[in-house]
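Residues take their numbers from the sequence shown, with the count starting at 1.
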Amino acid sequence: MTWRTGTVTARGRTWRGAREVELHLDTPLPGPDARTDVRGLAYTTLVGDPRDGDRLLLNVSALARGLGTGGYALVVGPAATSPTPLPPDPRPGPGHLVKARYTPLQAMVLGVDEQESPHYDTLRDADDLAGLPVVVADLHSALPAVVAGARHAATIAGRPAPRVAYVMTDGGALPATFSRTVATLRDTGWLHTCITVGQAFGGDLEAVTVHTGLLAAHHVAHADLVVVTQGPGNLGTGTRWGFSGVAAGEALNAAATLGGRPVASLRVSGADARDRHLGISHHSLTAYGRVALTPADVVVPAPTPDVEALPGWGPDLTTRIRAQAPALARTPAQHRLVDVTADTSLLDALRHTPTRLSTMGRDLDADPAAFAAAAVAGTHAAHTLHTAHPTR
């Protein structure tokens, strides 16, 4: 991001929620276009309506790179009255992918799939995941549990832990660095690569779409297994369609379209006070049952008696899940239901994840089914690495 401070020299056009201003920068733009007089844009509902003579803090990244669309200095807010050092200009380099586009804090990154990328030739015509298992989940909290399940399956089979890539969508937090889970999984080697797609940013690789993020996971990161979910901060409204997890169904479609092996991780809870999330959440039933249009492996946790007897589980929950799951096999997508055992060894594996397990404020002991459901999806995905993939 390229920062500047400047003074309003004139107010320009205005429309609902926005104001154009003419600005004189305290420091010229970098590069050959070293001008000091620029046009700015303020989102008045965010930063107020600037007046003549106001000193403002500005994001001039797009101007510094000479991008035509949105060629404004974006107003971040008022500048300090006394001189305050700004962050230094980024070093000149490739990359013109703009994330959090047209916002005051838009950031410019190098996309793995853009022309300036060293991987462009690899991805330019890439169109196939070659059966790569892609586990899709609703909540970010499922990520460590999916990886734990995959690693547990590999340990039991006497195989090395799979190389896992995480494709983070933009339904929750946009910066990947907001997630301490991702940082811990990366630092401990549980996660090989984080790829941020859409408006999300800050991953090891940046991509424009879920599709190119998946292709980068296969062709660039050489992942054995991919997990797709939003960043922290799921958005839900209590309505049938008003939740960010709808994108989970679209991610399954992307995986299938590209010849991957889509695996649906169910959002399950035995402790949620809201009936719509008890058992299999309506988020999973809607995203996988209505949005997903191609077949996927829907992994259903099958608890052993000692796991079912745990507080937060119980026979009623198992019965509810078994009653809800068949609806996903009767959808137009005709998903394949896969029962995978959730036993005490799987829960022990979950207890040894390097990052704290928490979903909606509940830990493993409070809601074991939530994490077991994600873990068995990872277990199944790890098993598919050594089985034939259904042809497209």
Side-chain angles (χ1 to χ4, degrees), residues 132-169 172-173 175-197 200 202-207 213-214 216-218 220-233 251 255 260-261 263-265 267 299 301 340 342-359 363-365 367-368 370-386:
L132 178 69
V134 177
V135 181
V136 177
D138 176 20
L139 300 177
H140 186 71
S141 56
L143 173 62
V146 172
V147 179
R151 292 174 66 91
H152 178 62
T155 298
I156 291 174
R159 299 189 179 102
R163 184 182 178 102
V164 181
Y166 169 43
V167 173
M168 179 177 143
T169 65
T177 45
F178 183 76
S179 173
R180 285 173 290 181
T181 294
V182 170
T184 301
L185 294 178
R186 289 283 286 110
D187 290 345
T188 56
W190 278 46
L191 194 64
H192 177 266
T193 307
C194 174
I195 304 170
T196 37
V197 303
D204 301 295
L205 299 172
E206 308 275 4
L214 291 172
H218 177 52
V220 177
H222 306 294
D224 299 315
L225 184 154
V226 181
V227 183
V228 181
T229 188
Q230 60 192 319
R261 183 158 190 161
V263 176
S265 171
R267 177 175 173 179
V299 187
V340 175
D343 58 17
T344 53
S345 69
L346 180 65
L347 263 65
D348 287 341
L350 286 167
R351 294 187 190 284
H352 289 88
T353 57
T355 183
R356 185 174 67 93
L357 296 179
S358 178
T359 184
D363 64 10
L364 180 61
D365 291 323
D367 201 355
F371 302 102
V376 293
T379 297
H380 174 67
H383 287 320
T384 67
L385 290 171
H386 307 282

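Although no hydrogens or angles enter the test, the distance criterion places a donor-acceptor pair under 3.5 Å between the side chain of R186 and the main chain of H192. Using modelled atom types, one side-chain atom of T229 and one backbone atom of A137 make a donor-acceptor pair closer than 3.5 Å. Without hydrogens or angle criteria, T379 side chain to G149 main chain gives a donor-acceptor distance under 3.5 Å. Of the possible donor and acceptor atoms, one in the side chain of H352 sits under 3.5 Å from a partner among the backbone N and O of D348. With hydrogens and angles disregarded, a donor-acceptor distance shorter than 3.5 Å links the side chain of Q230 to the backbone of D138. In terms of modelled atom types and a separation under 3.5 Å, the side chain of T384 and the main chain of A381 share a donor-acceptor contact.
Atom CZ of R261 and atom CG of L225 lie 12.0 Å apart (nearest 0.5 Å). To the nearest 0.5 Å, atoms CG (L350) and CG (L357) are separated by 6.0 Å. Taking CG of L143 as the reference point, atom OG1 of T355 lies at 9.0 Å (rounded to 0.5 Å). With rounding to the nearest 0.5 angstrom, the OG atom of S141 is 7.5 Å from the CZ atom of R267. With values rounded to the nearest 0.5 angstrom, I156 atom CD1 is found 5.0 Å from S345 atom OG.
In plain terms, the two heavy atoms of T169 and A200 that are nearest each other are O-CB, 3.9 Å. The shortest heavy-atom contact between A382 and A153 is CB-CB, 3.8 Å. When all heavy atoms are compared, the tightest approach of P368 to L347 is CB-CD2, 4.3 Å. Across all non-hydrogen atoms, the minimal contact from I195 to G213 is CD1-O, 3.5 Å. The two atoms that bring A173 and F178 nearest to each other are CB-CD2, 3.9 Å, heavy atoms only. Taking each heavy atom of A374 and V146 in turn, the nearest pair found is O-CG2, 3.4 Å.
L214 places none of its side-chain heavy atoms less than 4.5 Å from the side chain of V197. At least one side-chain heavy atom of P354 sits less than 4.5 Å from a side-chain heavy atom of L185. For the pair W190/T353, a side-chain contact is recorded, criterion being any heavy-atom separation below 4.5 Å from C-beta on.
Between R351 and D363, none of the side-chain N atoms (NZ, or NE/NH1/NH2) sits under 4.0 Å from a carboxylate O, so this pair counts as no salt bridge.
With no hydrogens or angles considered, no side-chain donor-acceptor pair links T181 and H140 at under 3.5 Å.
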